[in-house]
Amino acid sequence: MKNVRIVDVLKSGQVGTEITVKGWVRTRRGSKNVNFIALNDGSTINNLQVVAEVEVFGEDFFKNINTGAAVGVTGKLVESGGSGQSVELQASALELIGAADPDKYPIQPKRHSLEFLREVAHLRPRTATFSAIFRIRHAMVFAIHNFFNDRGFYNVHTPIITSSDAEGAGEMFRITTLPAKDAPLNEEGNVDFTQDFFGKSANLTVSGQLEGELFAMALAKIYTFGPTFRAENSNTSRHLAEFWMIEPEVAFSDLNDNMDLAEDFLKYLIRYALDHCMDDLLFLSSRLVEEEKTKPADQRSMELIEKLKFVADNDFVRLTYTDAIEILKNSKPNKKGKFQYPITGYGTDLQSEHERFLVEQEFKKPVILTNYPKEIKSFYMRLDDNGETVAAMDVLFPQIGEIIGGSQREERLDVLERRMDEMNIPKDDMQWYLDTRRFGGCPHAGFGLGFERLLLFVTGMSNIRDVIPFARTPKNCEF
RNA sequence: UCCUUAGUAGCUCAGUUGGUUAGAGCGGCGGACUGUUAAUCCGUAGGUCGUAGGUUCAAGUCCUACCUGAGGAGCCA
């Protein structure tokens, strides 16, 4: 008999039919005559209740049907005699496929802290919380490709290994096949990378943007979706050394088009989650509500699903950096000296506390900040006519902060070269990039969305290590 | 990297001004129970108190260093 998935059984299973399901035991409750097994096969947050008579299988048989064990069950789907579920599986055959020693299996039917589960990240997808998160993660991957495909974008696989180190997006991981001990040295006494695998120094990519631009200059609308690596020593709940990023790049497009795209994109993804992952969202919401109860009333946040709907249904605030500075300068916390970094005027970089104030206090919705001073942004961002600001945009979300960073790119070769000189970007290594401006250059724009930060928002989780299967952070590279 | 804070049983924690044999709940195991929903009830095992030094008659408790986690900051996505 063919296996059926529990999600299908619970949704459309016909009472009276004979089925086989295979999955893992979440809990088993026994009494003298009958055992109840909560079975989960990963297809849904919900368990299927299996009812097994002690008389049929013998008392000893159940000793190995423990939490975590893999089992196969064949039986008849019947209306449930209990109140917790509408249908249940009356077992006629019960097979232990893989035992889980209850003395050693770390995940037991009790509350575990997220910190503990991070230490057993290889087993945590078997918990309700993490199975929900990773089903949602999958749904978001799918939605991202859908969104772009429907709008005529082409997916480009930009390189993971790169020799370009001019992106300035962060410290890079060097990759090499040279021996760690006694590496060959050149005349200056430095490691001689001409003898390395690629004949030059190579790194893991910190962004696919520059290569993405090359393809936007040919396919017009492209997006990348791949892993990104930053060797920054960042120890926060919002940073990973290895994370996934989505970077669309659009030819014949300006900053306004870019903002429209970013806002449409985020709303589409959130609506997709609401439309396709409601069971998992309801579960995550309820666990958040429990967690919130332990906090003081004024620190509680909006209920998850309500929050997602709110963002999907309301326009983002669009604000220039200069206007944001004015608002912050005249804000209560600034006047009362509540900011750790007081706002004095134009030119200061915005700190987390300022972004938080704008998003969570002033507007209470996502904010797109634009036109930052050129000094605090990257060389490739298009210089505005005032010569002072650049066509940059950051999308700020509540709790998470910057979820998207993007810009209209500098398409004027002379301006771009001047900016590279000012910011000490070596032009020699970047001729391939400058060629896009030399040959058929055009206005274009794009942005980068941190995939895990999106997942933080959608799942309501608060630590980024909990929305990626295996987190890589400083001092942590298990599995 | 900086600041704050924590590390005691498989997990979550308590452990008083330093003082005999370090406790609880959950989980596990054994038993009871006519259908349970994180079942319930009775019983039971389980600890080199993060590591290394130090102070002291005496250290889970005080001091120093290191390791690891968490929260915040910086950097950013």
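None of these values were measured; they are calculated from a predicted model.
- Comparing the C1' positions of B:C2 and B:G74 gives an interatomic distance of 8 Å, to the nearest angstrom.
- Between B:C49 and B:G53, the distance separating the two P atoms is 13 Å to the nearest Å.
- With sequence neighbours excluded, the residues forming a side-chain hydrogen bond (donor to acceptor under 3.5 Å, both in side chains) with A:Glu410 are A:Arg412, listed by chain and number.
- Counting non-hydrogen atoms under 4.0 angstrom, A:Gly448 reaches the backbone sugars and phosphates but no base.
- Under a cut-off of 6.0 angstrom, the local environment of OH in A:Tyr154 is sparse, with at most 12 non-hydrogen atoms contributed by other residues, nucleotides or ligands.
- B:A24 and B:U44 have their C1' atoms separated by 16 Å, given to the nearest Å.
- At distances below 3.5 Å, not a single donor-acceptor pair connects side-chain atoms of A:Glu88 with backbone N or O atoms of A:Val51.
- Applying the 4.0 Å criterion to OP1 and OP2 of B:U37, one finds that A:Arg29 has every side-chain N and O outside that range.
- Taking a 4.0 Å limit (strictly below) on heavy-atom distances, residues 346-353 of chain A reaches RNA chain B at A:Gln351, A:Ser352.
- Take A:Arg453 and apply the salt bridge (charged side-chain N to carboxylate O under 4.0 Å, His left out) test, not counting sequence neighbours, and it matches no residue.
- Applying the side-chain hydrogen bond (donor to acceptor under 3.5 Å, both in side chains) rule to A:Arg318 yields the partners A:Asp260, A:Glu263; only residues at least two apart in sequence or on another chain are considered.
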Please set out all donor-acceptor pairs under 3.5 angstrom arising from side-chain atoms of residues 94-111 of chain A, sequence neighbours excluded.
from     : atom 1 : to       : atom 2 : distance (Å)
A:Asp101 : OD1    : A:Asp103 : N      : 2.9
A:Gln108 : NE2    : A:Pro102 : O      : 3.1
A:Gln108 : NE2    : A:Tyr105 : O      : 2.9

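- Rounding to the nearest 0.5 Å places CD1 of A:Ile368 at 13.0 Å from OG1 of A:Thr320.
- B:U61 and B:U17 have their P atoms separated by 14 Å, with the value rounded to a whole Å.
- Contact annotation for A:Ile400: no contact, since no heavy-atom pair falls under 4.0 Å across all strands.
- Using a 4.0 Å heavy-atom distance criterion, A:Phe116 is classed as a sugar-phosphate-only contact.
- When the options A:Leu117, A:Ile45, A:Leu284, A:Thr459 are evaluated for a side-chain contact (heavy atoms from CB on, under 4.5 Å) with A:Thr129, the one that passes is A:Leu284.
- Nucleotides B:C29 and B:U4 are separated by 42 Å at their C1' atoms, to the nearest Å.
- At a threshold of 4.0 angstrom between heavy atoms, the contacts of A:Tyr341 are confined to the sugar-phosphate backbone, with no base atom among them.
- Remark: ring of A:Phe243 overlaps the six-membered base ring of B:A77 in a stacked fashion, centroids less than 5.5 Å apart, planes less than 30° apart.
- Judged as a side-chain hydrogen bond (donor to acceptor under 3.5 Å, both in side chains), and not counting sequence neighbours, the contacts of A:Arg135 are A:Ser131, A:Asp280.
- Distance CZ (A:Phe62) to P (B:U36): 17 Å, rounded to an integer number of Å.
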Open item on the list: Test ring-ring contact (aromatic ring centres under 6.0 Å, His included) on A:Phe148 and A:Phe265; report intermediate values, then the result.
Closed with: CA-CA 9 Å; A:Phe148 287 122; A:Phe265 182 46; 4.9 Å; yes

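- Salt-bridge formation is detected for the pair A:Arg419/A:Glu422: a Lys NZ or Arg NE/NH1/NH2 atom is positioned less than 4.0 Å from an Asp or Glu carboxylate oxygen.
- When the C1' atom is used for both B:A6 and B:U51, the distance is 16 Å, rounded to whole Å.
- When the P atom is used for both B:A59 and B:G19, the distance is 11 Å, rounded to whole Å.
- One finds a side-chain N or O of A:Ser31 lying less than 4.0 angstrom from the OP1 or OP2 phosphate oxygen of B:G35.
- A search for salt bridge (charged side-chain N to carboxylate O under 4.0 Å, His left out) contacts involving A:Arg124 returns A:Asp466, not counting sequence neighbours.
- Other residues, nucleotides and ligands contribute at most 12 non-hydrogen atoms within 6.0 Å of the CZ atom of A:Phe142.
- Between the CD1 atom of A:Ile107 and the C1' atom of B:G10 there is a distance of 12 Å, given to the nearest Å.
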TODO: Mark up nucleotides 25-32 of chain B, 5' to 3', with B wherever a protein heavy atom is under 4.0 angstrom from a base atom, S wherever such an atom reaches only the sugar-phosphate, and - elsewhere.
DONE: BBSSSS--

List, with names and distances, any nitrogen or oxygen atoms from the protein found under 3.5 Å away from nitrogen or oxygen atoms belonging to nucleotides 65-72 of chain B.
from  : atom 1 : to       : atom 2 : distance (Å)
B:A70 : OP1    : A:Arg118 : NH1    : 2.5
B:G71 : OP2    : A:Asn463 : ND2    : 3.4
B:G72 : OP2    : A:Ser237 : OG     : 3.4

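- Residue A:Met381 contributes atom CE, which lies 7 Å from atom P of B:A77 at whole-angstrom precision.
- Contact check of residues 137-148 of chain A against RNA chain B (heavy atom, cut-off under 4.0 Å) returns no residues at all.
- Closest contact between the side chain of A:Ile464 and the listed nucleotides B:G35, B:A39, B:A77 involves B:A77.
- A:Asn64 places no side-chain N or O within donor-acceptor distance of the main-chain N or O of A:Phe61, the cut-off being under 3.5 Å.
- One cannot find a donor-acceptor pair under 3.5 Å joining the base of B:U37 and the side-chain atoms of A:Glu88.
- Using a 4.0 Å heavy-atom cutoff across all strands shown, A:His239 reaches at least one base atom of the nucleic acid.
- For A:Tyr321 (side chain) and A:Gly347 (main-chain N/O), a donor-acceptor pair under 3.5 Å exists by modelled atom type.
- Between A:Ser113 and the phosphate of B:U12, there is a side-chain N or O to OP1/OP2 separation shorter than 4.0 Å.
- The pair A:Asp264-A:Lys267 does not count as a salt bridge, with every side-chain nitrogen at least 4.0 angstrom from each carboxylate oxygen.
- When the side-chain hydrogen bond (donor to acceptor under 3.5 Å, both in side chains) test is applied to A:Asn463, the partners found at least two apart in sequence or on another chain are A:Arg465.
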TODO: Go ahead and write out RNA chain B as dot-bracket, 5' to 3': ( ) for pairs within the strand, [ ] for ones crossing earlier pairs, | when the partner sits on another strand, dots for unpaired; Watson-Crick or G-U wobble, both distances under 3.5 Å.
DONE: (((((((..((((.....[...)))).(((((.......))))).....(((((..]....))))))))))))....

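- Among the heavy atoms of the strands lying under 4.0 Å from A:Leu240 is at least one base atom, whether or not backbone atoms are also near.
- Nucleotides B:U36 and B:A73 are separated by 49 Å at their P atoms, to the nearest Å.
- Evaluation of atom-type donor-acceptor distances gives no pair under 3.5 Å for the side chain of A:Ser234 against the base of B:C76.
- A ring pair (Phe, Tyr, Trp, His ring centres under 6.0 Å) with A:Phe451 is found for one member of A:Phe243, A:Phe225, A:Phe457, A:Trp244 and no other, namely A:Phe225.
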